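Report on the structure given below.
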Amino acid sequence: MDFTFEKIELRKPVWVAFSDLFLDTDVTLIYGDIAQVCADSEYSSAELKEILFEEVAPVVSGNLMSIAGEWAGFNEDWLVKQITKPKTIFSSKVFYFLKPRNFGLNRYIRGHWKVIEPQILACRGNT
């Protein structure tokens with residue numbers, strides 16, 4: 001995807017919110033905050049899920065496997081640079097999700113998404 005300045009500025013709050021799911025801490029305590037940021041965005045539920053799985057997860061999921069992972073939050077400039085940099089075929093989402101270690105990660109992300117998506121809809125009044 002080509003990211004214009006405008007697209008980056010619209011997506012950045014969502015990227016930052018979703019990146020918090022990959023911190024080395026109890027992220028269930030911030031579900032409400034993540035849901036509110038997503039609800040305030042212009043993105044549909046399907047678009048938000050795609051942003052989580054295909055833009056954020058491939059960049060920050062390695063933190064979950066680190067012995068001393070990030071727990072306070074990812075640097076926004078670093079996060080934006082990593083998400084928006086051109087990808088090679090071997091770093092594409094297809095190859096990312098085919099790596100054996102990422103099958104368990106997909107379950108981890110889906111588990112969070114199952115809880116957060118209804119909260120996003122509730123924040124938007126779509127219950």
Side-chain angles (χ1 to χ4, degrees):
M1 169 178 272
D2 291 328
F3 292 106
T4 64
F5 176 78
E6 292 79 20
K7 280 186 184 180
I8 291 170
E9 290 305 305
L10 287 173
R11 271 176 144 74
K12 187 173 7 177
V14 175
W15 287 338
V16 171
F18 278 148
S19 73
D20 287 348
L21 290 173
F22 299 89
L23 295 175
D24 190 13
T25 187
D26 184 0
V27 299
T28 62
L29 301 174
I30 56 171
Y31 278 169
D33 296 331
I34 295 168
Q36 188 62 60
V37 169
C38 292
D40 291 342
S41 76
E42 66 177 27
Y43 302 108
S44 69
S45 185
E47 290 170 317
L48 288 166
K49 184 177 181 181
E50 184 175 320
I51 290 169
L52 171 59
F53 278 79
E54 298 182 12
E55 296 174 17
V56 178
V59 170
V60 295
S61 61
N63 191 62
L64 298 174
M65 293 164 228
S66 174
I67 292 173
E70 179 62 51
W71 57 270
F74 296 96
N75 177 284
E76 287 183 28
D77 293 334
W78 175 86
L79 182 65
V80 169
K81 184 182 283 186
Q82 295 304 308
I83 291 173
T84 59
K85 76 179 182 181
K87 310 290 189 275
T88 67
I89 186 67
F90 296 108
S91 65
S92 72
K93 62 187 175 195
V94 172
F95 284 94
Y96 167 78
F97 285 111
L98 289 177
K99 291 180 184 175
R101 68 178 172 87
N102 292 334
F103 288 119
L105 180 63
N106 289 337
R107 189 172 349 155
Y108 170 86
I109 301 167
R110 279 193 307 272
H112 288 304
W113 180 248
K114 282 179 151 178
V115 177
I116 293 171
E117 182 182 28
Q119 291 184 23
I120 294 168
L121 298 175
C123 289
R124 289 180 170 169
N126 299 335
T127 55

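Bear in mind that the values here come from a model prediction, so they are computed numbers and not experimental data.
Between W78 and V60 the shortest side-chain heavy-atom distance falls below 4.5 Å. Contact check for V56 versus F74: no side-chain heavy atoms found under the 4.5 Å cut-off. Looking only at side-chain heavy atoms (C-beta outward), K12 and E76 come within less than 4.5 Å of each other. In this structure the side chain of V37 never reaches within 4.5 angstrom of the side chain of F18, judged on heavy atoms.
If you run side chain to side chain contact (heavy atoms under 4.5 Å, CB included) between L23 and each of D26, L21, D20, only D20 comes through. For the side chain to side chain contact (heavy atoms under 4.5 Å, CB included) with F22, the qualifying choice from V59, V27, I109 is I109, the only one to do so.
Here C123 contributes atom SG and I34 contributes atom CD1; the two are 11.5 Å apart, rounded to the nearest 0.5 Å. Once rounded to the nearest 0.5 Å, the distance linking SG of C38 with CG of L52 reads 8.0 Å. Going from atom CD of E47 over to atom CD of E54 covers 12.0 Å, rounded to the nearest 0.5 Å. Taking CG of L48 as the reference point, atom CD of E55 lies at 10.5 Å (rounded to 0.5 Å). Remark: D33 CG to Q119 CD distance equals 10.0 Å, nearest 0.5 Å. Taken to the nearest 0.5 Å, the CD1 atom of I8 stands 11.5 Å off from the NZ atom of K81.
Of all non-hydrogen atoms in R110 and F53, the two that sit nearest each other are CG-CZ, 3.6 Å.
With hydrogens and angles ignored, the 3.5 Å screen pairs no side-chain donor or acceptor of R11 with any backbone N or O of V80.
Ring orientation note: the planes of Y31 and H112 are nearly perpendicular, at an angle over 60° on the 30°/60° scale.
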